[in-house]
Each structure stands twice: as structure tokens, then as C-alpha cells.
Amino acid sequence: MTMNEYLELKEIDLDEHVHDVKRKLKDVYAFNILQTLLEGPYLPMSNSAMGPVDLTYLLNDIVVNGRQNILEFGAGMSTILMGRLIRKNKLTATVTTVEHDLKWVKVMETLIKNERLDDVLSVIYAPLKPCPLALQSNVWYDLNVLNLFAGPWDMVVIDGPPAWEETKGQARYPAMQFVMTKLAPNAIVFLDDADRPGEQSILHHWEDEFGISFKIRNGSLGYFVKGHSFNIDPF
């Protein structure tokens with residue numbers, strides 16, 4: 001290895017280190033922003049939960065752009081934090097969350113009941129089934145259940161079904177096909193895990209099929225804005 005090659009490798013290592021430090025600092029900053037919503041009963045956090053920076057985008061958008069009718073695919077900490085935000089800020093918004101795991105639905109229903117968020121949060125059980133909207137052999141939420149909810153939705157959060165396995169990388173593709181005609185005139189659609197190959201492929205499909213454009217923030221959160229929207233970037 002020549003000296004130039006060695007220095008180039010060290011420069012790459014340094015760039016990666018700086019990027020990692022910046023990301024951690026953003027997480028710390030985002031946790032500070034979220035602090036008032038984290039006060040209260042403990043919320044379970046796992047590596048499948050949406051990151052703190054991405055959460056600030058969601059919560060900023062609800063407040064800044066006055067979202068009213070929110071649809072979420074995949075229940076979790078984000079669901080409860082949206083509910084706490086709506087209650088704390090005395091907003092009139094409601095969140096409908098679609099979840100495929102019946103046991104997790106029961107857990108979420110208990111958390112929602114214990115925090116008295118029943119009036120703003122509802123978790124709908126929709127098992128995963130073969131779906132005409134899906135790509136390849138992927139399954140998606142039962143359309144017979146979803147078709148009971150017509151919208152119009154002014155905010156959609158796509159964080160399910162699970163798509164971390166390579167064979168299920170495009171499992172979230174049907175979401176845009178389902179909601180596109182059900183969006184309000186001014187609306188936003190978020191896609192979590194947009195740093196993964198499967199989700200990146202999905203974004204390209206959606207952009208080509210609908211003639212739309214997604215922005216990527218924090219490396220992992222994609223979002224598409226329909227109509228008018230105020231800036232929601234926390235940084």
C-alpha cells in the first residue's frame with residue numbers, strides 16, 4: 001500500500017467517524033425536544049422503533065401543519081407519542097394505527113387505555129394476507145379491514161409491516177397504492193427505514209408510478225408532500 005492509498009483510507013475512516021458523531025448528536029438533540037412527551041409511564045424502546053430524530057419530523061408536522069386525520073401502518077412508540085402530543089397540545093387530531101400482530105395490538109390497547117388516549121388513538125387489527133397490490137409474493141394488511149376506513153388522510157406514516165428480511169424488502173409497497181387516492185388536498189406521507197435497499201426500491205417505484213418526489217431526511221426517513229406544507233426540519 002502506498003502512502004497516498006493509506007491516507008485515503010484514513011480519510012474515509014475519519015469521514016465515517018464524523019458522520020457517526022453528528023448522527024449521535026442529532027439523536028441527543030432530538031431526545032431533548034421529545035423530553036416533555038417522554039415524561040410519564042415508561043415506553044418500551046427497541047431497535048425496530050422509529051429513531052428520535054425521525055420522530056421529531058412526525059411530531060413537528062402534526063403541530064406545524066395542523067394534521068387532523070392520521071393513518072399509521074405499524075403500531076409502536078410513535079403511536080403513543082403522537083397521542084401524548086395531541087393531548088398535551090389540546091389538538092383535535094386522531095390517529096388510526098394498523099397492526100398485523102394481534103398480541104401486539106392487545107399490548108398497545110392496554111398502553112392506550114392506561115394513558116387515557118382512547119379518544120385520540122385507535123389500533124386496528126388487520127392480519128397479513130395475499131394482496132393484489134403487493135409485489136412478488138409479499139403479503140400485506142387485509143384489505144377487507146382497511147377498506148372500512150376511507151380517509152381522507154392528511155398524514156400517513158408507513159412503518160409496517162416488518163420488512164427487515166431480505167425476502168420481504170418490498171413488503172411496504174402496497175401502502176402508497178392504497179392511500180394515494182385517499183389523501184387530503186394537503187397531506188404528507190412518511191416512509192421509515194428509507195436507508196434500506198427494499199425501501200429505496202419502493203420509493204423509486206412510487207416516484208415513477210405516481211410522478212411524485214420523496215425527500216430523504218436523516219438518512220432514514222423518506223417523505224412526500226402533497227399540496228402545501230410548512231417546513232418541519234428540526235435542524
Engineer: Looking at every non-hydrogen atom in both residues, tell me the closest pair between Asp61 and Ser229 and how far apart they are.
Structural biologist: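 Nearest heavy atoms, Asp61 then Ser229: OD1-OG, 4.1 Å.
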
Engineer: Return yes if some donor-acceptor pair links the side-chain N/O of Asn69 with the main-chain N/O of Pro152 below 3.5 Å, else return no.
Structural biologist: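 Confirmed, Asn69 side chain pairs with Pro152 backbone.
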
Engineer: What's the separation between atom CG in Leu221 and atom CG in Leu55, rounded to the nearest 0.5 Å?
Structural biologist: 9.0 Å

Engineer: Could you tell me the separation between the CD atom of Gln68 and the CD1 atom of Ile62, rounded to the nearest 0.5 Å?
Structural biologist: 10.5 Å

Engineer: Quick one, Val189 with Lys226, criterion side chain to side chain contact (heavy atoms under 4.5 Å, CB included). Give me CA distance, side-chain angles, the key distance, then yes/no.
Structural biologist: CA-CA 8 Å; Val189 178; Lys226 177 187 176 185; over 6 Å; no

Engineer: Kindly determine whether Asp192 and Ser78 satisfy side chain to side chain contact (heavy atoms under 4.5 Å, CB included), including the steps that lead there.
Structural biologist: CA-CA 11 Å; Asp192 192 26; Ser78 58; over 6 Å; no

Engineer: Begin from the C-alpha positions of Phe190 and Met155 and carry the test side chain to side chain contact (heavy atoms under 4.5 Å, CB included) through to its verdict.
Structural biologist: CA-CA 8 Å; Phe190 290 100; Met155 178 172 167; 3.8 Å; yes

Engineer: Picking from Ile232, Ile86, Asn89, what satisfies side-chain contact (heavy atoms from CB on, under 4.5 Å) with Val63?
Structural biologist: Asn89

Engineer: Taking distance alone, no hydrogens or angles, what donor-acceptor pairs closer than 3.5 Å link side-chain atoms of residues 93-107 to residues at least two apart or in another chain?
Structural biologist:
| unit_1 | atom_1 | unit_2 | atom_2 | d |
| --- | --- | --- | --- | --- |
| Thr97 | OG1 | Glu72 | OE1 | 2.8 |
| Glu99 | OE1 | Ala75 | N | 3.0 |
| Glu99 | OE2 | Asp101 | N | 3.1 |
| Asp101 | OD1 | Lys103 | N | 3.0 |
| Asp101 | OD1 | Trp104 | N | 3.3 |
| Trp104 | NE1 | Ala75 | O | 3.0 |

Engineer: Would you check if the side chain of Asp142 reaches a backbone N or O of Asn144 as a donor-acceptor pair within less than 3.5 Å?
Structural biologist: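 Yes.
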
Engineer: Strictly by ring-ring contact (aromatic ring centres under 6.0 Å, His included), give each pair with a member in residues 105-148 just once, sequence neighbours left out.
Structural biologist: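 Passing the test, one end in residues 105-148: Phe73-Trp140, Phe73-Tyr141, Trp140-Phe178.
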
Engineer: Are Val64 and Leu58 connected in the hydrophobic side-chain network, where two residues link if heavy atoms are under 4.5 Å apart?
Structural biologist: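 Shared cluster, no.
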
Engineer: Test of understanding: clusters of I, L, V, M, F, W, Y form through side-chain heavy atoms closer than 4.5 Å, transitively. Do Met50 and Leu71 belong to the same one?
Structural biologist: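 Different hydrophobic clusters.
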
Engineer: Taking only residues two or more places apart in sequence or in another chain, which ones pass side chain to side chain contact (heavy atoms under 4.5 Å, CB included) with Arg87?
Structural biologist: Arg84, Glu115, Leu117

Engineer: Once rounded to the nearest 0.5 Å, what's the spacing between atom CG of Leu37 and atom CD of Glu39?
Structural biologist: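 These two atoms lie 8.5 Å from each other.
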
Engineer: Show, in sequence, the C-alpha distance, side-chain angles and deciding distance for Asp233 and Tyr57, and conclude whether the side chain to side chain donor-acceptor pair (under 3.5 Å) test is met.
Structural biologist: CA-CA 6 Å; Asp233 197 324; Tyr57 279 94; 3.1 Å; yes

Engineer: Does Tyr42 have any ring pair (Phe, Tyr, Trp, His ring centres under 6.0 Å) partners at least two apart in sequence or in another chain, and if so, which?
Structural biologist: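 For Tyr42 there are no ring pair (Phe, Tyr, Trp, His ring centres under 6.0 Å) partners, ignoring immediate neighbours.
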
Engineer: Kindly compute the distance separating CD1 (Ile70) from OG1 (Thr79), expressed to the nearest 0.5 Å.
Structural biologist: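 One gets 10.5 Å once the value is rounded to the nearest 0.5 Å.
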
Engineer: Holding to side-chain hydrogen bond (donor to acceptor under 3.5 Å, both in side chains), I want the full list of residues that pass it with Tyr173, two or more places apart in sequence or in another chain.
Structural biologist: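 side-chain hydrogen bond (donor to acceptor under 3.5 Å, both in side chains) check on Tyr173 returns Gln177, Glu209.
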
Engineer: Do you know the tightest heavy-atom contact between Pro174 and Leu133?
Structural biologist: CB-CB, 3.7 Å

Engineer: Closer than 3.5 angstrom, by distance alone: can the side chain of Asp154 be matched with the main-chain N or O of Asn186 as a donor-acceptor pair?
Structural biologist: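 Answer holds: no.
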
Engineer: What distance separates Ile188 CD1 from Tyr223 OH, expressed to the nearest 0.5 Å?
Structural biologist: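 Between atom CD1 of Ile188 and atom OH of Tyr223 there are 6.0 Å.
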
Engineer: Under a 3.5 Å cutoff, is there a donor and acceptor pairing between the side chains of Asp54 and Ser220?
Structural biologist: yes

Engineer: Can you list everything that forms a salt bridge (charged side-chain N to carboxylate O under 4.0 Å, His left out) with Glu199? Sequence neighbours excluded, please.
Structural biologist: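 Salt bridge (charged side-chain N to carboxylate O under 4.0 Å, His left out) list for Glu199, sorted by chain: Arg172, Arg196.
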
Engineer: Out of Ile216, Asp159, Leu203, Val157, which residue meets the side-chain contact (heavy atoms from CB on, under 4.5 Å) rule with Leu191?
Structural biologist: Leu203

